[in-house]
Amino acid sequence: MVNQPAPTPLLSVVVPVHGVEAYLHQCLDSVRTDVPADAAGAVEIVAVDDASPDRCGELLRAYAATHPGVRTVHLDRNVGLGPARNAGLDVATGEYVWFVDSDDWLPPGTVPAVLDRLRAHRPDVLMLDHLRVRDDGRREVDASSHLLRGTPGVVRLTDRPGLLRVQHTAWNKVVRRAYLNDLELRFHPGWYEDIPFSNPLLIGAERISVLDRVCYLYRQGRQGAITSTRSGRHFDAFDQYDRLFDWVARRCPDERLRGELFTLMVNHMLVVVGNDGRLHPHLRRKFFHRVAAHYRRHLPPGGYPRPGGVAGLKHRLVGRDNYLAYAVLRQAHRLAGWLRQAPRLAGWLRRPVAGPEPAAPVDEPARTADSPADRDALAGRSSR
């Protein structure tokens, strides 16, 4: 009797896990239950326990024992998000790999749509849209999502350069695994590990496909999430951008591309330095001076497409390393925002105190917080 080798999955979903006990089952179930019955062998889940301090390791063992197609890797020590993804990548067998964070989840219908597009286009990179989900259930379109609209068939970055400005995360891209090996790309340790990984994927790709539907629900505000944590580790971003520009210099020394990446870097750093949820006030000045140093280090000799308006003014202040003027501008901008909201706040304060709202009539269903955009997202339709 000859044992036939198991067929290679089309897609490996790599899920790094750390401190997400409350969200883990939602994430795994959103992938597993979405796999069509006739495509069970086409998808594998590789969950990596990054020495999680809670019960995640135990939950993963139990989950894998009762659900075929789920494999687990348990690390002896905590290595961080990037190296944990690498550990999952090392054992993944799928033709394509998708890195899904364990506190996020997929809307119904996502996996069949992704599999169909991979089979139809055979891209190097498949880009996906997402929604941000707040603690209160509100769902928000990302500011860069419009750049995904109207991308026909298979393209290269030179055909649609705006794709480089789509949020640079690993989880909004499904990648051909052999292509990853060709680029010699791995995740680096530290925070902001997506920067030197996600951008090169698009730069080097011969075939980019865009699936114009919401395929990912990105949880916002979770305690312990990088974007919600005040820490000096946000300084890791500087090393990650150094790695990105080093890769570009070696693999794709294009002056226009360098200018585009430079603009993205400065914009990104200005978001971090201005965010009270990421930096302690006593670190803001130091971070700003590091941004200025990176500005001088990576400024393209031929210049770059500097934005206009207030954003362009901030770029100029970074170029001059003028923190005092930046701090004044930041406070003025915040005061202007407060003044715009003041009439609305004053009107709210003048409202008479009312009793509790009456309950909805029995024959009239109570309204929910869901908007048409939310319902479209769950149905896999674009609401833009």
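- To the nearest 0.5 Å, atom CD of residue Gln240 and atom NE2 of residue His188 are 7.0 Å apart.
- Ring pair Phe245/His298 is parallel by interplanar angle, where below 30° counts as parallel and above 60° as perpendicular.
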>> Under the criterion side-chain contact (heavy atoms from CB on, under 4.5 Å), I'd like the reasoning laid out for Thr263 against Arg165: C-alpha separation, chi angles, the key distance, then a yes or no.
In response: CA-CA 10 Å; Thr263 304; Arg165 297 192 293 275; over 6 Å; no
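- Salt bridge status for Arg250 with Asp246: present, with a side-chain N to carboxylate O gap under 4.0 Å.
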> Where do His168 and Leu244 land on the side-chain contact (heavy atoms from CB on, under 4.5 Å) test, with the steps shown first?
Replying inline: CA-CA 12 Å; His168 53 255; Leu244 170 62; over 6 Å; no
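- The two residues Leu264 and Tyr241 come nearest to each other via the heavy atoms O-OH, 4.1 Å.
- Nearest heavy-atom pair, Tyr216 versus Asp101, reported as atom, atom and distance to 0.1 Å: OH-N, 3.1 Å.
- Note: Phe287 and Phe238 meet the aromatic proximity criterion, with ring centroids under 6.0 Å apart.
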> Taking it one step at a time, do Ser145 and Asp129 satisfy side-chain hydrogen bond (donor to acceptor under 3.5 Å, both in side chains)?
Replying inline: CA-CA 6 Å; Ser145 288; Asp129 198 4; 2.7 Å; yes
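- Using a 4.0 Å cut-off between a side-chain N of Lys or Arg and a carboxylate O of Asp or Glu, Asp194 and Lys173 do not qualify as a salt bridge.
- Side chains of Leu163 and Val155 form a contact here, defined as non-hydrogen atoms less than 4.5 Å apart.
- No donor-acceptor pair under 3.5 Å is formed between the side chain of Asp103 and the backbone N or O of Val20.
- Scanning both residues, Arg219 and Asp104, for their nearest heavy atoms gives N-OD1, 2.8 Å.
- In this structure the side chain of Pro112 reaches within 4.5 angstrom of the side chain of Asp34, judged on heavy atoms.
- At distances below 3.5 Å, not a single donor-acceptor pair connects side-chain atoms of Arg132 with backbone N or O atoms of Gln220.
- Checking Asp49 against His74 by side-chain atom types alone, a donor-acceptor pair falls below 3.5 Å.
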>> I'd like to know whether Thr169 forms a side-chain contact (heavy atoms from CB on, under 4.5 Å) with Tyr218, so could you lay out the CA-CA distance, the side-chain angles of the two residues, the decisive distance to 0.1 Å, and finally the verdict.
In response: CA-CA 11 Å; Thr169 61; Tyr218 176 30; 5.9 Å; no
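- Proximity of Leu261 to Leu257: side-chain heavy atoms (C-beta onward) are separated by under 4.5 Å at one or more points.
- One finds no salt bridge joining Arg176 and Glu95 here, because no Lys/Arg side-chain nitrogen approaches an Asp/Glu carboxylate oxygen to under 4.0 Å.
- Here the closest heavy-atom approach between residue Ala92 and residue Val46 is recorded as CA-CG2, 4.4 Å.
- The backbone N or O of Val210 lies less than 3.5 Å from a partner atom in the side chain of Arg117, making a donor-acceptor pair.
- Here Arg230 contributes atom CZ and Leu279 contributes atom CG; the two are 8.5 Å apart, rounded to the nearest 0.5 Å.
- Taking 4.5 Å as the limit, every side-chain heavy atom of Asp54 sits out of range of all side-chain heavy atoms of Leu59.
- Formation of a donor-acceptor pair under 3.5 Å by the Asp50 side chain with backbone atoms of Ala84 is not found in this model.
- Counting all heavy atoms, side chain and backbone alike, Asn78 lies closest to Ala51 at N-CB, 3.4 Å.
- Under the 3.5 Å distance criterion, with hydrogens and angles disregarded, a donor-acceptor pair is assigned to the side chains of Arg32 and Tyr63.
- Aromatic rings of Tyr192 and His234 (six-membered ring for Trp) have centroids within the 6.0 Å cut-off, being under it.
- Rounding to the nearest 0.5 Å places CZ of Arg85 at 7.0 Å from CZ of Phe99.
- With contacts defined as side-chain heavy-atom distances shorter than 4.5 Å, the pair Ser144/Val166 qualifies.
- Linking ILVMFWY side-chain heavy atoms closer than 4.5 Å, directly or via other members, places Val291 and Val310 in a single hydrophobic cluster.
- The main-chain N or O of Gly94 is never found under 3.5 Å from a side-chain atom of Thr8 such that the two would form a donor-acceptor pair.
- Proximity of Leu81 to His18: side-chain heavy atoms (C-beta onward) are nowhere separated by under 4.5 Å.
- Criterion: ILVMFWY side-chain heavy atoms under 4.5 Å apart, direct or through other members. Under it, Val79 and Val91 are part of a common hydrophobic cluster.
- The backbone N or O of Pro16 lies less than 3.5 Å from a partner atom in the side chain of Ser102, making a donor-acceptor pair.
- Only one option out of Tyr326, Phe235, Tyr295 pairs with Phe288 in a ring-ring contact (aromatic ring centres under 6.0 Å, His included); it is Tyr326.
- Counting only heavy atoms from C-beta outward, the side chains of His315 and Leu270 approach each other to under 4.5 Å.
- There is no path of hydrophobic side-chain contacts, each under 4.5 Å, that joins Val154 to Ile203.
- The CG atom of Leu147 sits 8.5 Å away from atom CE of Met127, with the distance rounded to the nearest 0.5 Å.
- Residues Val70 and Leu28 are not in side-chain contact: their nearest non-hydrogen atoms beyond the backbone lie 4.5 Å or more apart.
- Although no hydrogens or angles enter the test, the distance criterion places no donor-acceptor pair under 3.5 Å between the side chain of Asp124 and the main chain of Tyr179.
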> Can Arg138 and Asp136 be said to form a salt bridge (charged side-chain N to carboxylate O under 4.0 Å, His left out), step by step?
Replying inline: CA-CA 6 Å; Arg138 285 182 299 119; Asp136 60 5; 2.8 Å; yes
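- Atom CZ of Arg285 and atom OH of Tyr323 lie 5.5 Å apart (nearest 0.5 Å).
- Without hydrogens or angle criteria, Arg55 side chain to Glu21 main chain gives no donor-acceptor distance under 3.5 Å.
- At distances below 3.5 Å, at least one donor-acceptor pair connects side-chain atoms of Glu44 with backbone N or O atoms of Thr93.
- The pair Arg284-Asp276 meets the salt-bridge criterion, since a charged nitrogen lies less than 4.0 angstrom from a carboxylate oxygen.
- The 12-atom threshold is not exceeded at CZ of Arg256, counting heavy atoms of other residues, nucleotides or ligands nearer than 6.0 Å.
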>> Evaluate Leu180 against Leu89 for side-chain contact (heavy atoms from CB on, under 4.5 Å), listing each step before the verdict.
In response: CA-CA 10 Å; Leu180 270 181; Leu89 181 60; 4.1 Å; yes
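- A distance of 15.5 Å separates CE of Met269 from NZ of Lys314, quoted to the nearest 0.5 Å.
- Of the possible polar contacts, one joining the Arg160 side chain to the Gly150 backbone as a donor-acceptor pair under 3.5 Å is found.
- Pairing each heavy atom of Pro300 with each of Gly259, the nearest pair is CG-CA, 3.8 Å.
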